[in-house]
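Below is one structure, written out as structure tokens; comments come after it.
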Amino acid sequence: SEVVDYGKKTVIFGDSHIGRVNKKKLDFNINGKSHIKFFSGVDSYQLKYYVTPTILKEKPDSVIIHVGSNDVNFHNAKYSTPEVIAEKILKCAEESKSLGVEDVAISSVLIKKNLVLGKFIRNLNIVLEQQCILGGSKFINNNNICSNFVSDGGVHSDRLGTILLSENLMNYINRVTVELWCSENLLEKSCSYNESLAFDDPLEKDTQVFDLLKNLRLKNVNKLIVGN
């Protein structure tokens with residue numbers, strides 16, 4: 001696989017989801033070094049103003065932007081649109097490029113347990129991916145982190161979800177081509193386990209494939225266990 005040259009620096013901007021990633025263990029598994037800048041509670045509009053000083057100081061070769069969770073609330077789900085929020089997120093990428101960073105990626109917004117917000121986020125990520133293609137930015141798909149990997153608080157990923165996020169970041173930085181075991185792929189590949197798996201509700205679908213997903217992924221993510 002094509003990999004980033006050893007020694008390149010990647011700055012990862014984000015909200016508290018990124019703050020849960022273990023930088024030490026991420027650096028051990030990537031070609032190069034990462035610099036994680038996270039701001040709890042930050043939305044895409046606020047994050048934009050942290051991008052410039054960090055890039056000027058760190059001079060990274062690559063930038064990853066993981067934001068949007070705090071943009072998606074019940075007010076915005078009712079009165080805003082995925083297109084409006086996607087535009088705000090993409091401005092962070094545009095700011096990075098204007099400062100000379102050519103390798104810029106948007107990491108998709110992580111799902112939430114609430115059905116209304118979950119549907120909004122799925123639509124938002126579709127728009128983000130389309131706009132990244134049109135605008136020349138990369139897109140990191142986190143669809144393998146389904147709603148069952150959200151903690152009881154309903155906002156942050158649990159321990160395994162954070163491991164999967166770390167692995168997605170690692171695979172992008174290393175330019176490893178992987179097949180994401182998202183719910184849809186799992187349903188196609190799990191017919192030998194249960195020929196009757198077919199649901200209209202994505203959350204019901206997530207519940208049915210959770211154990212299978214966990215078994216398939218755990219063997220590959222032990223190297224990215226978070227915490228001490």
Between Ser157 and Leu164, is any pair of side-chain heavy atoms under 4.5 Å apart? no

Please state whether the rings of His17 and His66 are parallel, tilted or perpendicular, taking 30° and 60° as the class boundaries. perpendicular

Are Asn142 and Ile111 packed together at the side-chain level, in the sense that at least one heavy-atom pair is separated by less than 4.5 angstrom? no

Once you round to the nearest 0.5 Å, how far does CG of Asp158 lie from CZ of Arg20? 8.5 Å

Sidechain-backbone polar pair: Asp27 side chain, Lys33 backbone, donor-acceptor under 3.5 Å: no

Decide yes or no for Val67 and Phe13: does some side-chain heavy atom of the first lie under 4.5 Å from some side-chain heavy atom of the second? no

Can you check whether Asn29's main-chain N or O pairs, donor with acceptor, with Asn174's side chain at less than 3.5 Å? yes

Tell me whether Tyr79 is reachable from Val109 by hopping between hydrophobic residues (I, L, V, M, F, W, Y) whose side-chain heavy atoms are closer than 4.5 Å. no

Just how far is it from atom CD1 of Ile89 to atom OG of Ser107, taken to the nearest 0.5 Å? 10.0 Å

Closer than 3.5 angstrom, by distance alone: can the side chain of Lys91 be matched with the main-chain N or O of Ala86 as a donor-acceptor pair? no

Give, for atom CG of Leu115 and atom CZ of Phe120, the distance between the pair rounded to the nearest 0.5 Å. 15.0 Å

For side-chain contact (heavy atoms from CB on, under 4.5 Å), just list the numbers for Val21 and Leu169, CA-CA rounded to whole Å, side-chain angles, deciding distance to a tenth of an Å, and then say yes or no. CA-CA 10 Å; Val21 171; Leu169 297 172; 4.3 Å; yes

Shortest non-hydrogen separation from Val11 to Pro60 and the atoms involved: CG2-CB, 3.5 Å

Which pair of heavy atoms, one from Asn70 and one from Val42, lies closest together, and at what distance? ND2-O, 2.8 Å

Can you tell me if NZ on Lys23 sees more than 12 non-hydrogen neighbours from other groups inside 6.0 Å? yes

Test side-chain contact (heavy atoms from CB on, under 4.5 Å) on Ser166 and Asn22; report intermediate values, then the result. CA-CA 8 Å; Ser166 301; Asn22 188 309; 6.0 Å; no

Do Ser16 side-chain atoms and Gly19 backbone N/O form a donor-acceptor pair below 3.5 Å? no

Is it the case that the side chain of Lys138 and the backbone of Asp103 share a donor-acceptor pair, with hydrogens and angles ignored and the cut-off at 3.5 Å? no

Are the side chains of Ser62 and Glu102 in contact, using a 4.5 Å heavy-atom criterion? no

Can you name the closest pair of heavy atoms from Ser108 and Phe139 and give their distance? CB-CZ, 3.5 Å

First locate atom CD of Glu83, then atom CG of Leu128, and finally report the distance between them rounded to the nearest 0.5 Å. 10.0 Å

For residues 93-101, tabulate all N or O donor-acceptor pairs below 3.5 Å that involve a side-chain atom, not counting sequence neighbours.
| unit_1 | atom_1 | unit_2 | atom_2 | d |
| --- | --- | --- | --- | --- |
| Glu95 | OE2 | Thr52 | OG1 | 2.5 |
| Ser96 | OG | Cys92 | O | 3.0 |
| Lys97 | NZ | Gly135 | O | 2.9 |
| Lys97 | NZ | Ser137 | OG | 2.8 |
| Ser98 | OG | Glu95 | O | 2.6 |

Under 3.5 Å, is there a donor-acceptor pair between the side chain of Asn76 and the main chain of Val72? no

Go through the steps for Phe39 and Tyr50 under the test ring-ring contact (aromatic ring centres under 6.0 Å, His included), then give the verdict. CA-CA 9 Å; Phe39 309 90; Tyr50 293 105; 3.8 Å; yes

Rounding to 0.5 Å, atoms NZ (Lys57) and NZ (Lys37) come to a distance of 6.5 Å

Let me know which of Ile121, Asp43, Asp15 forms a side chain to side chain contact (heavy atoms under 4.5 Å, CB included) with Asp71. Asp43

Does the side-chain contact (heavy atoms from CB on, under 4.5 Å) test come out yes or no for Leu26 and Ile12, once each step is laid out? CA-CA 11 Å; Leu26 179 65; Ile12 306 172; 3.9 Å; yes

Between Asn144 and Phe149, the two heavy atoms sitting closest are O-CE1, 3.6 Å

Verify the cluster assignment for Leu117 and Val127: are they in a single hydrophobic cluster under the rule of side-chain heavy atoms below 4.5 Å apart? no

Show the numbers, then the answer: is there a side-chain contact (heavy atoms from CB on, under 4.5 Å) between Ser34 and Lys9? CA-CA 6 Å; Ser34 68; Lys9 180 189 292 185; over 6 Å; no

Which other residues belong to the hydrophobic cluster containing Val116, where Ile, Leu, Val, Met, Phe, Trp and Tyr are joined when side-chain heavy atoms lie under 4.5 Å apart, directly or via other members? none

As an exercise, state the distance from CD of Gln131 to CD1 of Ile133, rounded to the nearest 0.5 Å. 9.5 Å

Please name the residue in the list Ile30, Thr10, Asn141, Ile140 that meets the side chain to side chain contact (heavy atoms under 4.5 Å, CB included) test with Tyr172. Ile140

Could you check whether the rings of Tyr49 and Tyr45 sit parallel, tilted or perpendicular, using 30° and 60° as the cut-offs? perpendicular

